[in-house]
2 protein chains.
Amino acid sequence: MTPQLHHSRGSLSPSLEHYLRAIFDLQESKGYARVTDIASMLGVAKPAVSAAVKTLRSNGLVSHRVYESILLTEDGAKRAKGVSGKFSILMHFLTDVLGVEEEQAFVDACVMEHYVSGNSIDRFLDLLRFFEEPGNQEILEKFHQFRRSCESVDTCPTCSYHCDISVIDFDDMSKKIKQSKRRV
Amino acid sequence: MTPQLHHSRGSLSPSLEHYLRAIFDLQESKGYARVTDIASMLGVAKPAVSAAVKTLRSNGLVSHRVYESILLTEDGAKRAKGVSGKFSILMHFLTDVLGVEEEQAFVDACVMEHYVSGNSIDRFLDLLRFFEEPGNQEILEKFHQFRRSCESVDTCPTCSYHCDISVIDFDDMSKKIKQSKRRV
DNA sequence: CAATAATGTTAAATCTATTTAACAATGTTT
DNA sequence: AAACATTGTTAAATAGATTTAACATTATTG
């Protein structure tokens, strides 16, 4: 059975986690957060922020002196740092390792931070660190060369797969990729 | 401004995409899909499937002879293959490259397939292919050794980062990881 | 073929996250 | 201090995705 897309009970929803990180970032940069800051940062209307903050408060993750500042509780800060750490790892991985364009990496990291398990994040970090090991930077460079050679043509010259699956037709994609691991 | 967590207009919601892939898989394995199959596969109640299928039908992605079979249209199949391809790439990347446990990889791939951009998926595929290049398998093997050495202790001996961020306290995590790339 | 089982739909309710409109509180400026 | 601007809240509505309960249709089988 395929997993549920919805977050499990007891954990914060992706949306609330997103608010939490926004508050964390604001608190880091200006000492505290205000509803308007959050709203403009996330591109949502203020009442949405009000509602979210209320929920976060009822979960004991922020303290909110109404019409004044919003601050993370110790618990909230802990959680926020977790999300923020995930974001950083993902961001670095996407840009530094995979070579994803920064704008795109940002968007992807912003969603992945809420959806990718801690286990997998750990592994992402491992790989990130592996490439930082003395002597391994050149491996990464070699990959970047390989990658660039893929970008230049529709089909990667060195393998049978299309390198830009978002551009090409997917028609035979799924046949080409062995799905032995799949267990639906 | 941080991106919205919600899917953009015109594109399918993660939920509907998930149904679409389920139908795709069922169609591949038994020729067609039925409401009950989908429901049990996704672990949701049948009315949820009914509703989703209705929406997919109105989007021209499936044909549904009520009380009978659900089949992908040409358009639906194309989209489903796209999602399925993403899933495969992510699954292989997580298990083969990162060494994530299969159960966990499956869960993660199931959400990432809906949230990670095509651009990034392309890069994941590139890296996957890079490691398959003749002579590069040993690099991957080297990483796997490195990774295992991290698992054995809380803090990776070869770097200043904690390798298992989901287990350790995040308190100084965010300070350690430079977030220069972040632009909130 | 009638009874029962399996399958599918509709209806009603819930929950989360959002919006706009209207209003309330606070701060600033003259 | 009064007027205005900024900031924040409440209320009401919408939209998506879900659930349970009840009912409808189709299939099986005794």
Side-chain angles (χ1 to χ4, degrees), chain A residues 1-23 26-27 30-59 61-71 110-111 114-115, chain B residues 1-23 26 30-59 61-71 83 110-111 114-115:
Chain A
M1 184 175 93
T2 262
Q4 294 293 112
L5 283 184
H6 295 279
H7 64 285
S8 59
R9 304 245 150 265
S11 75
L12 234 42
S13 73
S15 174
L16 288 178
E17 237 181 46
H18 211 55
Y19 282 103
L20 202 64
R21 184 162 79 76
I23 295 166
L26 286 165
Q27 193 165 331
K30 64 175 273 191
Y32 61 96
R34 303 206 59 167
V35 169
T36 303
D37 302 332
I38 302 170
S40 81
M41 187 160 154
L42 301 185
V44 297
K46 287 179 296 180
V49 178
S50 268
V53 167
K54 211 164 98 186
T55 307
L56 289 174
R57 198 166 62 95
S58 80
N59 282 37
L61 299 173
V62 304
S63 69
H64 184 198
R65 294 251 298 278
V66 177
Y67 284 109
E68 293 184 36
S69 58
I70 297 157
L71 292 170
C110 274
V111 295
H114 308 297
Y115 292 103
Chain B
M1 184 175 95
T2 261
Q4 295 291 112
L5 283 185
H6 295 280
H7 64 283
S8 60
R9 303 247 151 264
S11 75
L12 234 42
S13 74
S15 173
L16 288 179
E17 238 181 46
H18 211 56
Y19 282 104
L20 202 64
R21 184 162 80 74
I23 294 167
L26 285 166
K30 62 176 273 191
Y32 62 94
R34 304 207 57 167
V35 169
T36 303
D37 301 332
I38 302 170
S40 81
M41 189 160 153
L42 301 184
V44 297
K46 286 178 295 175
V49 178
S50 270
V53 167
K54 211 164 101 187
T55 307
L56 291 175
R57 198 165 63 96
S58 79
N59 282 38
L61 299 173
V62 303
S63 69
H64 184 197
R65 295 251 299 278
V66 178
Y67 285 109
E68 292 183 35
S69 58
I70 297 158
L71 292 169
V83 182
C110 273
V111 293
H114 308 296
Y115 292 103

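Residue numbers start from 1 in every chain, and the chains themselves are labelled A, B, ... in the order their sequence lines are given, proteins ahead of strands.
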Practice item. Write down the distance between CG (Asp37(B)) and P (dG8(C)), rounded to a whole number of angstrom. Key: 7 Å

Exercise for review: Return no unless some side-chain N or O of Tyr19(A) is found under 4.0 Å from OP1 or OP2 of dT18(C).
Suggested key: yes

Exercise for review: Working to the nearest 0.5 Å, report the span between CD1 of Ile23(A) and CG of Leu61(A).
Suggested key: 9.0 Å

Study note, to complete from the structure: note: Arg65(B), atom CZ; dA27(D), atom P; distance rounded to Å ~ 11 Å

Check your understanding: Separation of Lys46(B) atom NZ from dA12(C) atom C1', in whole Å?
Key -> 18 Å

Exercise for review: Give a yes/no answer on whether the side chain of Ser15(A) brings an N or O atom under 4.0 Å of OP1 or OP2 in dT18(C).
Suggested key: yes

Check your understanding: What is the distance from NE2 of His64(B) to C1' of dT7(C), rounded to the nearest Å?
Key -> 10 Å

Point to revise | His114(A) and His18(A) aromatic ring geometry - parallel, tilted or perpendicular at 30°/60° bounds | key: perpendicular

Practice item. Please report, rounded to the nearest Å, how far the P atom of dT16(C) is from the CG atom of Leu12(A). Key: 12 Å

Review point. Ala45(A) or Ser50(B): which one's nearest nucleotide on DNA chain C is closer to the 5' end?
Key: Ser50(B)

Exercise for review: With sequence neighbours excluded, give me every salt bridge (charged side-chain N to carboxylate O under 4.0 Å, His left out) pair touching residues 38-53 of chain A.
Suggested key: none

For a quick test of your reading: what N or O donor-acceptor pairs under 3.5 Å do the side chains of residues 31-38 of chain B make, sequence neighbours left out?
residue, atom, partner, partner atom, Å
Arg34(B), NH2, Tyr67(B), O, 3.1
Asp37(B), OD2, Lys30(B), NZ, 3.1
Asp37(B), OD2, Arg34(B), N, 3.1

Point to revise | For atom NZ of Lys54(A) and atom P of dT10(D), their distance in whole Å | key: 6 Å

Practice item. Give one of base, sugar-phosphate or nothing for Val66(A), where a contact means two heavy atoms less than 4.0 Å apart. Key: sugar-phosphate

Check your understanding: Counting just side-chain N and O atoms, does Thr36(A) come under 4.0 Å of either OP1 or OP2 of dG8(D)?
Key -> yes

Check your understanding: Taking CZ from Arg34(B) and P from dA27(D), how many angstroms apart are they, rounded to a whole number?
Key -> 7 Å

Study note, to complete from the structure: dist Ser13(B):OG -> Tyr19(B):OH (nearest 0.5 Å) comes out at 9.5 Å

Point to revise | Phosphate OP1/OP2 of dA17(C) contacted by Ser13(A) side-chain N/O (<4.0 Å) | key: yes

Study note, to complete from the structure: Ranking dT26(C), dT25(D), dT19(D) by distance to the side chain of Tyr67(A), first place goes to dT26(C)

Point to revise | Interatomic distance where CD belongs to Glu17(A) and C1' belongs to dT16(C) [whole Å] | key: 15 Å

